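Below is one structure, written out as structure tokens; comments come after it.
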Amino acid sequence: MRVLGIETSCDDTGVAVFDTDAGLLGHLLYSQIKTHADYGGVVPELAARDHIRKVIPLLDTLLQNINCERTDIDAIAYTKGPGLAGALLAGSAVAKGLALAWDVPAIGVHHMEGHMLAPMLEDDAPQYPFIALLVSGGHTLLAQVNAIGDYTILGQTLDDAVGEAFDKTAKILGLGYPGGPAISRVAEQGVPGRFVFPRPMLDRPGLDFSYSGLKTFAMNTANKFEELAVQDVADIAHAFQLAAVETLVVKSRRALQQTNCDRLVVAGGVGANRYLRTALMDMTEAEQARVYYPRIEFCTDNGAMIAYAGAQRLHQADDDLAFQVRPRWSIEELPAL
Ligand code: KG4
Ligand code: ZN
């Protein structure tokens with residue numbers, strides 16, 4: 001079976017074809033960074049319009065690249081939520097329209113399930129059960145994953161997501177959008193120890209996170225300067241990243257210990273952060289556990305993870321043609337396979 005995946009939940013248009021026998025046949029991504037850069041963040045209406053413009057041409061190119069005919073597609077998976085309502089609607093309308101025209105089923109995929117299953121696209125895929133650390137622009141959570149659809153949230157952010165904290169801190173430091181990659185780039189030049197950020201929630205038991213305090217601390221630190229020099233920015237970025245990553249690492253260790261599990265899967269855009277990857281590698285090694293990541297390009301939003309997740313839920317296809325999206329949607333609501 002060949003499943004076409006369409007991702008449009010935020011500011012990336014992603015398309016991919018996953019074959020249940022041959023694996024991933026190809027994928028393409030169009031990033032809207034240029035569209036939103038002047039505004040310092042994603043403008044939902046512009047995102048939706050850009051998806052509408054880009055998704056069909058991207059799809060045509062992909063099918064040509066991989067020599068796949070429309071008639072070879074057996075199902076269409078699209079991101080149903082969570083995400084920006086207008087952006088989700090753009091993708092779901094295209095998916096439902098193509099499904100009707102090609103007479104194939106459409107499958108609404110949960111974006112975070114897509115992220116969580118992205119490491120399954122790698123040769124060295126994890127076995128179930130595992131602990132998932134989902135870190136994106138909209139989510140920060142630890143979940144126990146026993147099987148596809150069998151998810152228990154162990155802890156999550158009480159306020160901002162960690163990716164959001166990276167983005168907001170980058171904006172405060174004048175690093176622009178998207179903030180995560182910018183912070184991690186300049187942090188490499190930072191002098192360790194010049195600033196010390198708090199470690200929210202570390203002294204409390206449990207596995208919840210809080211990231212709004214780090215952004216406020218970044219703001220207060222930056223406001224002490226009349227003008228931020230390049231080195232000041234690097235030093236603040238370094239201290240911010242250290243604090244943001246340390247809380248993720250400590251809570252992930254707690255989750256592994258608490259569940260007696262020795263596999264950790266990291267997914268979502270912040271999973272592309274090099275410092276986080278190294279820190280989690282060290283922590284899991286010390287715990288005699290293993291950490292699994294998708295390749296870097298599948299950490300951030302992409303069509304491949306949606307095609308893969310849809311392929312796992314072929315028998316749970318939508319039973320109508322309505323464009324129903326779920327801008328807010330907990331992974332715990334997903335049905336088991
Ligand atoms: O998963 P994703 O592409 O989209 C959402 O579903 O939100 O994640 C985007 C988030 C943004 O907040 C972005 O700043 C962050 O991931 N991000 C990073 C890095 N690359 C992307 N954060 C830290 N370091 C990175 N290298
Ligand atoms: Zn995402």
Side-chain angles (χ1 to χ4, degrees), residues 4-16 27-62 76-101 105-115 134 136-140 157 159-161 163-164 166-168 170-171 176-180 268-270 299-307 309-310 313 317-331 333-334:
L4 168 68
I6 300 177
E7 156 62 31
T8 65
S9 68
C10 189
D11 57 348
D12 290 303
T13 315
V15 293
H27 70 100
L28 284 178
L29 189 81
Y30 171 78
S31 160
Q32 299 182 351
I33 285 180
K34 281 203 199 95
T35 307
H36 304 290
D38 288 348
Y39 302 92
V42 180
V43 184
E45 179 62 23
L46 295 182
R49 292 184 199 192
D50 222 14
H51 287 307
I52 293 170
R53 270 193 292 270
K54 288 298 180 331
V55 65
I56 294 286
L58 204 60
L59 191 55
D60 271 339
T61 310
L62 173 69
I76 302 176
Y78 65 96
T79 306
K80 183 173 180 171
L84 302 171
L88 292 167
L89 277 169
S92 92
V94 168
K96 289 288 177 93
L98 289 177
L100 179 67
I107 305 149
V109 168
H110 192 291
H111 181 78
M112 298 316 289
E113 178 170 73
H115 273 304
L134 296 184
S136 71
H139 290 79
T140 308
T157 184
D159 40 57
D160 291 354
E164 191 179 351
F166 268 91
D167 293 335
K168 286 178 175 169
K171 205 168 179 179
Y177 149 92
V270 183
C299 280
T300 43
D301 292 346
N302 64 86
M305 66 184 195
I306 302 305
R313 292 188 178 276
D318 297 358
D319 52 11
D320 62 19
L321 286 170
F323 312 158
Q324 271 171 357
V325 296
R326 297 282 310 270
R328 299 177 72 83
W329 190 8
S330 167
I331 54 165
E333 288 178 50
L334 286 173

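Keep in mind that the numbers below use all heavy atoms, side chains included, and drop hydrogens, waters and symmetry copies. If you're wondering where the values come from, they're calculated on a predicted model, not measured in any experiment.
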Donor-acceptor pair, side chain of Thr79 and main chain of Gly81, under 3.5 angstrom = no

Please check if atom CZ in Arg49 has more than 12 non-hydrogen atoms from other residues, nucleotides or ligands closer than 6.0 Å.
-> no

Out of curiosity, Leu4 CG to Ile306 CD1, how far, rounded to the nearest 0.5 Å?
-> 11.5 Å

From CG (Asp159) to OG1 (Thr140), nearest 0.5 Å = 9.0 Å

Taking atom OG of Ser330 and atom CE of Met112, what is their separation to the nearest 0.5 Å?
-> 11.0 Å

Going from CG on Asp301 to CD on Gln32, what distance comes out if it is rounded to the nearest 0.5 angstrom?
-> 10.5 Å

Show the numbers, then the answer: is there a side-chain contact (heavy atoms from CB on, under 4.5 Å) between Val270 and Phe166?
-> CA-CA 9 Å; Val270 183; Phe166 268 91; 4.1 Å; yes

Stepwise, does the side-chain contact (heavy atoms from CB on, under 4.5 Å) test hold for Val109 with Lys80?
-> CA-CA 5 Å; Val109 168; Lys80 183 173 180 171; over 6 Å; no

Looking just at side-chain N and O atoms, do Asp38 and Tyr177 make a donor-acceptor pair shorter than 3.5 Å?
-> no

Take Met305 and His111, measure what side-chain contact (heavy atoms from CB on, under 4.5 Å) needs, and give me the verdict at the end.
-> CA-CA 8 Å; Met305 66 184 195; His111 181 78; 3.4 Å; yes

Do side-chain atoms of Lys96 reach the backbone of Ala322 as a donor and acceptor pair under 3.5 angstrom?
-> yes

For the student: nearest non-hydrogen atoms of Ala106 and Ala99, plus distance | CB-CB, 3.9 Å

For the pair Asp11 (side chain) and His36 (backbone), establish whether a donor and an acceptor sit closer than 3.5 Å, ignoring hydrogens and angles.
-> no

Nearest heavy-atom approach of Ala87 to Ala48 is N-CB, 3.8 Å

Do the non-hydrogen side-chain atoms of Cys10 and Val42 ever get within less than 4.5 Å of each other?
-> yes

Correct closest heavy-atom pair for Asp167 and Pro178 would be OD1-C, 4.1 Å

Output yes when a side-chain donor or acceptor of Glu7 lies under 3.5 Å from a complementary backbone atom of Ser9, and no otherwise.
-> yes

Can you tell me if Asn302 uses its side chain to pair, donor with acceptor, with the backbone of Thr300 under 3.5 Å?
-> yes

Passing candidate, side-chain hydrogen bond (donor to acceptor under 3.5 Å, both in side chains) with His51, options Asp12, Thr13, Thr8 | Thr13

So, for Ser136 and Ala161, which heavy atoms are closest and what is the spacing to 0.1 Å?
-> O-CB, 3.7 Å

Find out whether the Lys NZ or Arg CZ of Lys54 is both under 6.0 angstrom from the six-membered ring centre of Tyr30 and within 45° of the ring's axis.
-> yes

Taking atom CD1 of Ile107 and atom CD1 of Ile76, what is their separation to the nearest 0.5 Å?
-> 9.0 Å

Separation between CG (Leu29) and CG (Leu62), nearest 0.5 Å, reads 11.5 Å

Backbone N or O of Trp329 within a donor-acceptor pair of the His110 side chain at under 3.5 Å?
-> yes

